[in-house]
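Here's the structure, in structure tokens; my notes come after.
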Amino acid sequence: MKISKEKFGQSFDALAAEYKVIAPVSDAGGVNYEAVKSFSEVKQNYLNSKLPPKSFFFPQHEKLLSYVKEGQDVTVKNELKVEKTILFGIRPCDAKGFLLLDTVFKNDMYTDPYYFERRDNTVVIGLACNKIAPTCFCSSMGFSPASSAGADIFLIDLGDSYQVEVITEKGKTLMAGLAGLEELSTEDQTLVDTIKSAQTTSQVDVSTITSKLEKFFDHSYWDTLQEKCIGCNACTFSCPTCHCFDISEEVRNNAGTRVRTWDGCMAPLFTLHASGHNPRDKKKTRWRQRMMHKFNYFVHNSGDISCVGCGRCIKSCPVNLDIRQVIDGVNKAELVVN
């Protein structure tokens, strides 16, 4: 089925009166996801956003709770605020990233209510990539620039209309109020097939990297890999699947707030103990942790590689430390340890 962009825009504007709608917009830094009130504000043609939309489920900085002590009594207030939300125009790499984050914030041991209250109250409308950036390599990660995994509704841009695919019950409920659907023409179907068959021009081989890293912990490769890294954490903060955080208490007099803030394994103080000992005090050990976690530990814990091939870390690295070259380096290195 398809819908013209004119009719879709009318439905979009109507939904914006009922939902908080987040969509790609142009800003000074390129393209980012922000709240909009009209379809006319949405950036129509873009490769990807500067930062991933994971922050709408897992904010960079959020108050978890606040408390006030009066005498012997302590009053605690949950600071979680949830709105009915639509995330529009989510690229396949970021939608896949949501699925990976889901396994982190909900498993057989715990569920993070701050993440999942937002997740459960959000409808994700995915959008296939008609253009592919040279830094993208999602095809190497087991999906494609037109993958619908992680979306509730999935759209393919056909020029003056969208092909519409309903994926989940949440998507079906939202689509119930969408008027103007019609059948695809033969030309439309040909275009859809072409877009769905597209692959990224950049490819990396991850077929054996998990098993190879099993024996790679003490390899000399890590000594040379870290040489030009400056430890800025740009790669972790721009990654759709990185999820490390710190929790701190901000207290003044008898009142305080518990705050969660993004953190990252590439930061020198990330693993600093209260004793003063730091088990990962060198860039070598931090880079090893980043690679081992994404391509080995996460696979064992959740069954999938924790990389979606979005290429943001490649674009954001100020010293051009390219993760595709890092993967290639692991593949080519001989399994000879120090």
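The structure displayed is predicted, hence computed values, not measured ones.
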Residue pair Thr173 / Val123, side-chain heavy-atom distance below 4.5 Å = no
Supply the atom-to-atom distance His243 NE2 to Asp263 CG, rounded to the nearest 0.5 angstrom.
-> 12.0 Å
For the pair Asp304 and Lys96, find out whether any cationic side-chain nitrogen is under 4.0 Å from an anionic carboxylate oxygen.
-> yes
Aromatic ring proximity, centroids under 6.0 angstrom, Phe8 and Phe39 = yes
Of the non-hydrogen atoms in Val326 and Tyr221, which two are nearest, and what is the gap between them?
-> O-OH, 3.0 Å
With side chains defined as the heavy atoms from C-beta onward, is the minimum distance between Trp262 and Lys54 less than 4.5 Å?
-> yes
Validation row: Met1, Leu184 side chains within 4.5 angstrom (heavy atoms) | no
Please examine the side chains of Arg324 and Ile314, heavy atoms only from C-beta on, and report whether any two atoms are closer than 4.5 Å.
-> yes
Is there a chain of hydrophobic side chains (I, L, V, M, F, W, Y, each step under 4.5 Å between heavy atoms) that links Phe98 to Phe143?
-> yes
Main-chain N/O of Tyr114 paired to Arg118 side chain as donor or acceptor, under 3.5 Å = yes
State whether the number of non-hydrogen atoms from other residues, nucleotides or ligands found under 6.0 Å of Lys106 atom NZ is greater than 12.
-> no
Is Arg288 reaching over with its side chain to a backbone N or O of Phe217, donor-acceptor style, under 3.5 angstrom?
-> yes
Steps toward side-chain contact (heavy atoms from CB on, under 4.5 Å) verdict (Met175, Ile3) | CA-CA 11 Å; Met175 285 292 295; Ile3 185 171; over 6 Å; no
Keeping the roles fixed (side chain from Ser197, backbone from Thr194), state whether a donor-acceptor pair exists under 3.5 Å.
-> yes
Regarding Ser38 and Ser40, is there a side-chain donor-to-acceptor distance under 3.5 Å anywhere?
-> yes
Looking only at heavy atoms, which two atoms of Ser202 and Pro134 are closest? And how far apart?
-> CB-O, 3.6 Å
Nearest heavy-atom neighbours spanning Cys138 and Val308 | CB-O, 3.4 Å
Residue pair Asn130 / Asp157, side-chain donor-acceptor N/O under 3.5 Å | no
Just by modelled atom types, is the Ala128 backbone N or O under 3.5 Å from a matching donor or acceptor in the Arg91 side chain?
-> yes
Side-chain H-bond candidate by donor/acceptor type, Lys294 with Thr241, under 3.5 Å = yes
Please round to the nearest 0.5 Å and tell me the distance separating atom CD1 of Ile153 and atom CD1 of Ile90.
-> 12.5 Å
Is there side-chain contact between Gln203 and Ser140, with at least one heavy-atom pair below 4.5 Å?
-> yes
Do other residues, nucleotides or ligands put more than 12 heavy atoms under 6.0 Å from the NZ atom of Lys228?
-> yes
Inter-residue atom distance Phe295.CZ - Thr208.OG1, 0.5 Å rounding = 12.0 Å
Decide side-chain hydrogen bond (donor to acceptor under 3.5 Å, both in side chains) for Asp205 and Asn331; before the verdict, give the C-alpha distance in whole Å, the side-chain angles of both, and the deciding distance to 0.1 Å.
-> CA-CA 8 Å; Asp205 181 10; Asn331 286 335; 4.6 Å; no
For the residue pair His61 and Thr261, what are the closest heavy atoms and their distance?
-> ND1-OG1, 3.2 Å
Donor-acceptor contact below 3.5 Å, side chain Asp152 vs main chain Val124 = yes
Decide whether Tyr297 and Leu100 are clustered together by the hydrophobic rule: side chain heavy atoms of Ile, Leu, Val, Met, Phe, Trp, Tyr closer than 4.5 Å, transitively.
-> yes
Taking ring-ring contact (aromatic ring centres under 6.0 Å, His included) as the test, write out the residues that go with His300, two or more places apart.
-> none
Between SG of Cys229 and CH2 of Trp287, what distance do you get to the nearest 0.5 Å?
-> 6.5 Å
Charged N to carboxylate O below 4.0 Å: is that the case for Lys81 and Glu83?
-> no
For Lys20 and Ala35, indicate whether the former's side chain and the latter's backbone hold a donor-acceptor pair under 3.5 Å.
-> no
For the pair Lys170 and Asp120, find out whether any cationic side-chain nitrogen is under 4.0 Å from an anionic carboxylate oxygen.
-> no
Please assess Thr236 against Cys244 for the test side-chain contact (heavy atoms from CB on, under 4.5 Å), listing each intermediate value before the final yes or no.
-> CA-CA 9 Å; Thr236 59; Cys244 293; over 6 Å; no
Worked check of side-chain contact (heavy atoms from CB on, under 4.5 Å) between Ile132 and Gln199 | CA-CA 8 Å; Ile132 302 169; Gln199 300 288 307; over 6 Å; no
Here the pair of heavy atoms bringing Pro240 nearest to Pro52 is CA-CB, 3.8 Å
Between CG on residue Leu174 and OG1 on residue Thr168, distance to nearest 0.5 Å | 9.5 Å
Taking only Lys NZ, Arg NE, NH1 and NH2, and the carboxylate oxygens of Asp or Glu, determine whether Lys7 and Glu182 approach each other closer than 4.0 Å.
-> no
Centroid-centroid under 6.0 Å between Phe56 and Tyr33 rings | no
Kindly indicate, with the supporting measurements, whether the criterion side-chain contact (heavy atoms from CB on, under 4.5 Å) is fulfilled by Phe88 and Val36.
-> CA-CA 10 Å; Phe88 173 78; Val36 299; over 6 Å; no
Val259 reachable from Val76 in the ILVMFWY side-chain graph, under 4.5 Å edges = no
Look at atom NZ of Lys63 and say whether more than 12 heavy atoms of other residues, nucleotides or ligands are closer to it than 6.0 Å.
-> no
Test item: side-chain donor near acceptor, Glu214 and Asn296, under 3.5 Å = yes
Using a cut-off of 6.0 Å, state whether more than 12 heavy atoms not belonging to Asp193 lie near its atom CG.
-> yes
Verify the cluster assignment for Phe154 and Val164: are they in a single hydrophobic cluster under the rule of side-chain heavy atoms below 4.5 Å apart?
-> no
May I ask you to check whether Phe216 and Trp222 place their ring centres under 6.0 Å from each other?
-> yes
Establish, yes or no, whether the cationic atom of Lys5 lies under 6.0 Å from the six-membered ring centre of Tyr162 and within 45° of the ring axis.
-> yes
Are a donor atom and an acceptor atom from the side chains of Arg312 and Ser49 found within less than 3.5 Å of each other?
-> yes
Phe58 and Phe105 aromatic ring geometry - parallel, tilted or perpendicular at 30°/60° bounds = tilted
For Met292 and Leu213, which heavy atoms make the closest approach, and how far apart are they?
-> CE-O, 3.4 Å
Report yes if the side chains of Lys282 and Gln226 come closer than 4.5 Å at any heavy-atom pair, otherwise no.
-> no
Modelled atom types, side-chain donor and acceptor of Asp223 and Ser220, under 3.5 Å | no
To the nearest 0.5 Å, how far apart are NZ in Lys37 and CG in Asp13?
-> 11.0 Å
Under a 4.5 Å cut-off applied to non-hydrogen side-chain atoms, are Phe270 and Asp246 in contact?
-> no
Is the shortest heavy-atom distance from the side chain of Glu34 to the side chain of Asp27 under 4.5 Å?
-> yes
In the single-linkage hydrophobic clustering (I, L, V, M, F, W, Y; side-chain heavy atoms under 4.5 Å), do Met266 and Leu51 co-cluster?
-> no
